[in-house]
Protein chains: 2
Amino acid sequence: MTEQTGVSAQDIVERVWLSIAERRLRPGVQLKEGQLAAIFDVSRARVRQALAALERDGLVTIIPNRGAFVCQPSVEEARDVFFVRRAVERCIVDRLCKSISKANVTRLRTHVAKERTANAQNITTDIIKLSGGFHLLLAEVASSDFLFATMRDLISRSSLITAVYRNTNRFNCGPDEHADIVEAIARGDPETATKLMEHHLEHVETELDLSEIRDQPHDLKSALA
Amino acid sequence: MTEQTGVSAQDIVERVWLSIAERRLRPGVQLKEGQLAAIFDVSRARVRQALAALERDGLVTIIPNRGAFVCQPSVEEARDVFFVRRAVERCIVDRLCKSISKANVTRLRTHVAKERTANAQNITTDIIKLSGGFHLLLAEVASSDFLFATMRDLISRSSLITAVYRNTNRFNCGPDEHADIVEAIARGDPETATKLMEHHLEHVETELDLSEIRDQPHDLKSALA
DNA sequence: GTCTGCATAATTGTAGACAATTAATACTAG
DNA sequence: CTAGTATTAATTGTCTACAATTATGCAGAC
């Protein structure tokens, strides 16, 4: 029995997102509507919805009458994204130090534990999702939907930036630095927590190689496999 | 000769945006696709594009199989928006103090002058656009596209929040406070500038009445006139 | 050999028709 | 007179065909 459940626009978004984050889809590659429609076996209309959502998240650029292309975030934009992340996440951590429930501390610790497991077993898909998920979880326990949505947007763009400019084989956001932040929050130490968060983000940013971009179009179907 | 130039999705977005900001479209009102298509004389497909964009900006909520409704931002969300704005705009101002060109200082001063004129003549449409535009201009001169897009999103939501919760007749963002911020930036004084910006945003927030929301559906066509 | 102009092919944009879902109404039973 | 239900109307969701735009390949001239 082939899973004949219809593929939603969100499904397409996530598949493309992951392919970009895992560097299988390189910046500059065109995402043709007909091609995607054939691959996912859906109508072009639904593909267009997915592409519009991906554009909103800053992962693809849609040029009118030309098509959708995987973004090539500029060095300037990369720095701006981290600029905003430092500004926002510092305040989030600060707020969390001043009021966080025991249950939420547990959630954070559990998440870090999952990250450790994924890293130990070297499962790239999980590593990528979980490392970004940590920062999302911070926003979630800190406040309501809007802050969560904002961070979701920032994380999404950060993933693309990391995929493009990362020069090491290791992924950003090691679980150790995350763990330190959680413990600083748990003991209600805003000074340390905010400083750790800033250093963490600076660390991630400085690990990027902001010199060259090489675009190499390749087979779309295999990249999405 | 009636201006027979086709109405773009962006045109619809701006008309709706302004109507919401001017309180002619109240929260909770349903924006029916067919209705809008008839008013603007475009196809429903284009209306759907506009509604999707408005949802992205946080101005309407789309409930599947139900339709699009003007958002009723919760008090919690309102506070979160200003929380993020304080975090981001404080950093923007700080950055500007450390490096801003003479030409950009002039642009800021010119903008404030325009605000003064609009206030003196009491042209509400201009007042709304310009007061938000000041904060957008700060982002523009501070950096590149991404920061500008981020602020655009925040301003958009702030406008809705202001429209819903404002209790005075005056609009937020008086030009005097803006002028003070510009001068602090011009003389490169980050201490004062960031403090002024924080006070300014707190001032705007505290002027809101966060007690009641009353939704009163009314005629859509006249509201968009 | 390279560049320009034209014809062809491919891709995106748009609109309209049809299906699915939800809200409103009228009707019947208790 | 009220509650529940079936029917009808209205609205949203989706797909497919067609139009507009752009890219590609080819022929010919310089």
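Every chain is numbered from 1, with letters handed out A, B, ... down the list of sequences.
- A donor and an acceptor atom, one from each side chain of B:S156 and B:D153, are nowhere located under 3.5 Å apart.
- In the set C:dT11, D:dT11, C:dG13, the nucleotide with an atom closest to the side chain of A:Q30 is C:dT11.
- Using a 4.0 Å heavy-atom criterion, one finds that B:R66 contacts the sugar-phosphate atoms exclusively.
- Using a 4.0 Å heavy-atom cutoff across all strands shown, B:R46 reaches sugar-phosphate atoms only and no base atom.
- As rounded to whole Å, 13 Å separates atom C1' of C:dT11 from atom CG of A:L36.
- Atoms CG (B:D41) and P (C:dA15) sit 10 Å apart, rounded to a whole Å.
- In the model, A:E22 has a side-chain atom that pairs as donor or acceptor with a side-chain atom of A:T125 under 3.5 Å.
- Ranked by how close their nearest DNA chain C nucleotide is to the 5' end, B:Q49 and B:R44 are led by B:Q49.
- Atom pair A:K32:NZ and C:dA9:P shows a separation of 16 Å (rounding to whole Å applied).
- A donor-acceptor contact closer than 3.5 angstrom is absent between the side chains of A:H111 and A:H178.
- Residue A:R48 places no side-chain N or O under 4.0 Å from the OP1 or OP2 atom of C:dT12.
- Nearest-nucleotide mapping onto DNA chain D: of A:S43 and B:E33, the residue sitting toward the 5' end is B:E33.
- Both A:P64 and A:A45 lie near DNA chain D, and the one whose nearest nucleotide falls closer to the 5' end is A:A45.
- A straight line from CG of B:L51 to P of D:dT12 spans 9 Å, rounded to a whole angstrom.
- Look at CG on B:L31: it is 13 Å from P on D:dT11, rounded to the nearest Å.
- Listed nucleotides: C:dT11, D:dT12, D:dT21. Nearest to the side chain of A:N65: D:dT21.
- Side-chain atoms of B:T61 and B:E55 include no donor-acceptor pair closer than 3.5 Å.
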